[in-house]
2 protein chains.
Amino acid sequence: MATRIVEPEAGPRSKRAAILAAAVDCFGETGFEATKWSIVAERVGIGQTALYHYFESKTHCLLTIMRLELKRSHDKFTETTADVTDPVEALRAAVRAAYDVSDHEVLQMRILHNHMDLLAGPRKSKREEAERVEARRLVQLVERDWTNLLVRGMSMGVFPLRDAQLLGAGVLGLIVSVWRWYRPSGPTPLSEISELIEGACVRMVAT
Amino acid sequence: MATRIVEPEAGPRSKRAAILAAAVDCFGETGFEATKWSIVAERVGIGQTALYHYFESKTHCLLTIMRLELKRSHDKFTETTADVTDPVEALRAAVRAAYDVSDHEVLQMRILHNHMDLLAGPRKSKREEAERVEARRLVQLVERDWTNLLVRGMSMGVFPLRDAQLLGAGVLGLIVSVWRWYRPSGPTPLSEISELIEGACVRMVAT
DNA sequence: AACTGAATTGAACTTGACTCAGGTTGATCT
DNA sequence: AGATCAACCTGAGTCAAGTTCAATTCAGTT
């Protein structure tokens, strides 16, 4: 009964991408609740009601942003760890990849993790619910990405045996906790954060 | 110019505590945005407008909940680590204390960490802003709690030297990341989580 | 030129937080 | 007991922001 998500093929004068970009900026800087939907329209240069041609609701737009970001994260993990056999090296590469992001992607991360709770309960409308379900599926995929990495390391005897699921959640939680406070304009460069967290993760998992 | 927060001494028929309790339940289970302010009133057994006798706004109530929870966290940290001299033992005690909470406190934690972003920007109304500023101060205190613990361990030579501020943020981030997904009704008991995270924190900080 | 579907709009609707002008209650004092 | 006064409460209404809807424009096709 799952409603498939068909990424709408952009008509030549579609403003969907522009809306998503503007929404990421607004939601990321000002916060989802605090930004008026009409402001997003203004930035794109259309009337507020035109937004509803592309998104069913403000929340539908938010959920779409979250899903896209989750997909990006999952894909990036997969491609960076694919050809690394040593678990420790794979873990290091995965952490580095997690922090190898543009400023715009930082905003997407912030939006995603500030609204994870949205994925818990069901939505009323069809298209919102479809996005939510897909996003939840991707969350589980990402969690599995990390736990599988740990399981592999444990079965190879490189990592001590522990509850991989729980430890995976911990590693992931540590990594994404950064997006709550990190600001590109802040005093700490992302490279420095990346290095410290990389080390912390390895110590956490190995010994 | 800072407006002090005077905890209103409860008149004998004040419903303030009842409202806070009901709000924690609602906001924690249903989410802040999703719960109607009027439902909270209903639960307490008063009309919606009576809420405004105690809180300036729905958000003011939320900020109050957050501030109270932050104070509780800070106080608990302080009292559990006060008489522990060994840094490793202090760290272990602090982590265990962080997870030694009632179901109601779990909800408060969830609410707190789901709305941390509220503390970033300034508020329009006086009393909201006062709560926000106080909450921000408490956040900094809690962060200092953890970094100080690390600094002490490092200067005693028990922990290797690292950026204590960043590492402290990491430890704290790891610990509180649990509140995003943990449910008392879930499959994993808090005791198990506590043990795993305790070990992870020690490894992260020591070697 | 007629047709089609995507894109857009102004005006109206809905919902839920909040205001206001007063009314009730009950602890305390004389 | 009765008066008093602040704390407490309410119904009716306001307002802002998200959303709906019927009608219109626009670009490309036949």
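Residue numbering restarts at 1 for every chain, and letters A, B, ... go by the order of the sequence lines.
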message: Please compare B/Pro12 and B/Glu56 by the position of their nearest nucleotide in DNA chain C and report the one closer to 5'.
response: B/Glu56
- prompt: Have A/Glu128 and A/Thr59 got a donor and an acceptor in their side chains that come within less than 3.5 Å?
  reply: no
- prompt: Could you write nucleotides 8-17 of chain C as a row of B, S and -, 5' to 3', where a protein heavy atom under 4.0 Å of any base atom gives B, of only sugar-phosphate atoms gives S, and otherwise -?
  reply: BBBB----SS
field: Gap separating the OH atom of A/Tyr99 from the CG atom of A/Leu190, nearest 0.5 angstrom
entry: 7.5 Å
- prompt: Of B/Ser14 and A/Thr59, whose nearest nucleotide on DNA chain D comes first from the 5' end?
  reply: B/Ser14
task: Please check if the side chain of B/Tyr54 supplies one atom and the backbone of B/Lys15 the other of a donor-acceptor pair under 3.5 Å.
output: yes
message: Looking at A/Val95, is its backbone amide N or carbonyl O close enough to the side chain of A/Glu198 to form a donor-acceptor pair, meaning the two atoms are under 3.5 Å apart?
response: no
task: Please say whether more than 12 non-hydrogen atoms of neighbouring residues, nucleotides or ligands are located less than 6.0 Å from CD in B/Glu195.
output: no
